[in-house]
Amino acid sequence: MHWRFLEGGELSYSRSISWCKCCTAYPRVVRSSKEVVDLPGLGPKLFKMIDEFLKDGEIKEARRAINSPRFGVLSLFSTIYGIGPSTARRLYDQGNRTFEDLERYYNEWERKNGKPSGMREALVLRDDLAQKIPRAEVEEMVEAICKHLDSIQEGFQHTMCGGYRRGKEYSNDVDIVFSRPGIDPKQDRGMCQALVTRLQEAGLVTHVMLLSSFTSQHSPFSRFSTSSQGIDTLDTALTVFKFHGEGRVHRRLDLIFAPWNVYWTAVVGWTGSTQFERDLRIWAKQERGMKFDCSGITRVHNSEQVFVHSEEEVFQVLGLPWIDPTMRNANA
DNA sequence: TTACATATT
DNA sequence: AATAT
DNA sequence: GTAA
Ligand SMILES: [Mg+2]
Ligand SMILES: [Mg+2]
């Protein structure tokens, strides 16, 4: 699956693999592809693969990918922040095979272009960011961050989202959604920036990868700006966090500030998983004629926004039963 | 045959 | 193109 | 690759 992502065209298998992974939550012995015909998303090609695995103990296509040196290098390069499939392929095609190759490549690039590429820092951070974060450390981070937020402005609620909320023992990063109940979002504009600055001053945030520019203040077309409903996009910061002291590791930290009236859609949107969000959007569009994303739910025909007051209500409005975060884990 | 999630930078 | 879920 |  990862191979297809790196080489392009991952849409083919991703949904099928997701359904297979769903089943790992309910393990059972499968003696033949006949026993999985009832699973959605699986067809003739996957049945053949399952039977091939049962017969040979492996799958030729998977073996080819694992043994491919190119696959190994592309996978490795993709673990660097800012390098995706396309750049990884280009770097490989230009002859790079190791991180040392990339250091040389970007040193040379910066010498020629006379400006920083940002990639040397990404290379330095890579080893730290590749390490998974135990739940206890996620909680430690959130406590420290909330303490700083509280010193700027009291009254914020927060939910830890991402893989942590889906119950994973280890997280790749930390995602926190904030909001102040009942407060006009205009009043809290700039809080994301303020918190990031405070954490930088405290030496806890070491890098800011992205700070969403809250430029989308009022689109010139929003005639209903009198209504206090913030249609604006969420204030988001993608950062790197590190505690003081020995033995501490850089961690990716995402801070999201949502207007109170879209707090719970933001929580659903940032809880994931990726595949769950995709399916939720498809369901909303096809079955309910609605558009779902983390900054709100809208009716497609009149773009009228539907506000909800709890996470349960997000599912009610979409005509779905409650789905526990731990049941949203399917990812290819 | 077509769609496959969607937003921001 | 890369990031986020 | 799968489903509508
Ligand atoms: Mg996460
Ligand atoms: Mg994140």
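All values derive from a computational prediction rather than experimental measurement. In what follows, chains are A, B, ... by sequence order, proteins preceding strands, each numbered from 1.
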Q: Would you classify R252(A) as touching base, sugar-phosphate or nothing, given that sugar-phosphate means primed atoms plus P, OP1 and OP2, and contacts are heavy atoms under 4.0 Å?
A: sugar-phosphate
Q) Near DNA chain B, which residues from residues 50-64 of chain A have a heavy atom under 4.0 Å away? A) none
Q) Do I133(A) and L204(A) sit in the same hydrophobic cluster, where Ile, Leu, Val, Met, Phe, Trp and Tyr count as joined when their side-chain heavy atoms come under 4.5 Å apart? A) yes
Q) Which of parallel (below 30°), tilted (30 to 60°) and perpendicular (above 60°) describes F315(A) and F276(A)? A) tilted
**Q.** N or O in side chain of K291(A) less than 4.0 angstrom from dA7(B) OP1/OP2
**A.** yes
(Q) Any salt bridge linking R248(A) with E140(A)? Criterion: basic side-chain nitrogen under 4.0 Å from a carboxylate oxygen. (A) yes
(Q) Taking any heavy-atom pair under 4.0 Å as a contact, classify L280(A): base, sugar-phosphate, or nothing. (A) nothing
Q | Over 12 non-hydrogen atoms of neighbours within 6.0 angstrom of NZ in K242(A) | A | yes
Q: Rounded off to whole Å, could you give me the CG-to-C1' distance for the L255(A) and dA4(C) pair?
A: 13 Å
Q. Below 4.0 angstrom, N of the basic side chain to O of the carboxylate: do E61(A) and R64(A) qualify?
A. no
**Q.** Rounded distance in Å - CD (E277(A)) to P (dA7(B))
**A.** 13 Å
**Q.** Closest listed nucleotide, where the reference is the side chain of Y13(A) and the choices are dC4(B), dT3(C), dG1(D)
**A.** dG1(D)
Q.
Any salt bridge linking D101(A) with R104(A)? Criterion: basic side-chain nitrogen under 4.0 Å from a carboxylate oxygen.
A. yes
Q) Among dT2(D), dT3(C), dT6(B), which is the nearest nucleotide to the side chain of K45(A)? A) dT2(D)
Q: Using atom CD1 of I282(A) as one end and atom P of dA3(B) as the other, report the distance to the nearest whole Å.
A: 13 Å
(Q) Please classify the nucleic acid contact of F292(A) as base, sugar-phosphate, or nothing, using heavy-atom distances under 4.0 Å. (A) nothing
Q: Could you check how far CG of D254(A) sits from C1' of dA2(C), rounded to whole Å?
A: 14 Å
Q.
Between E7(A) and R70(A) (salt bridge meaning N to carboxylate O under 4.0 Å), is one present in this structure?
A. yes
Q. Given atom CD1 of I323(A) and atom P of dT5(C), what is their separation to the nearest angstrom?
A. 19 Å
Q: Calculate the interatomic distance between D293(A) atom CG and dA7(B) atom C1'; express it in whole Å.
A: 7 Å
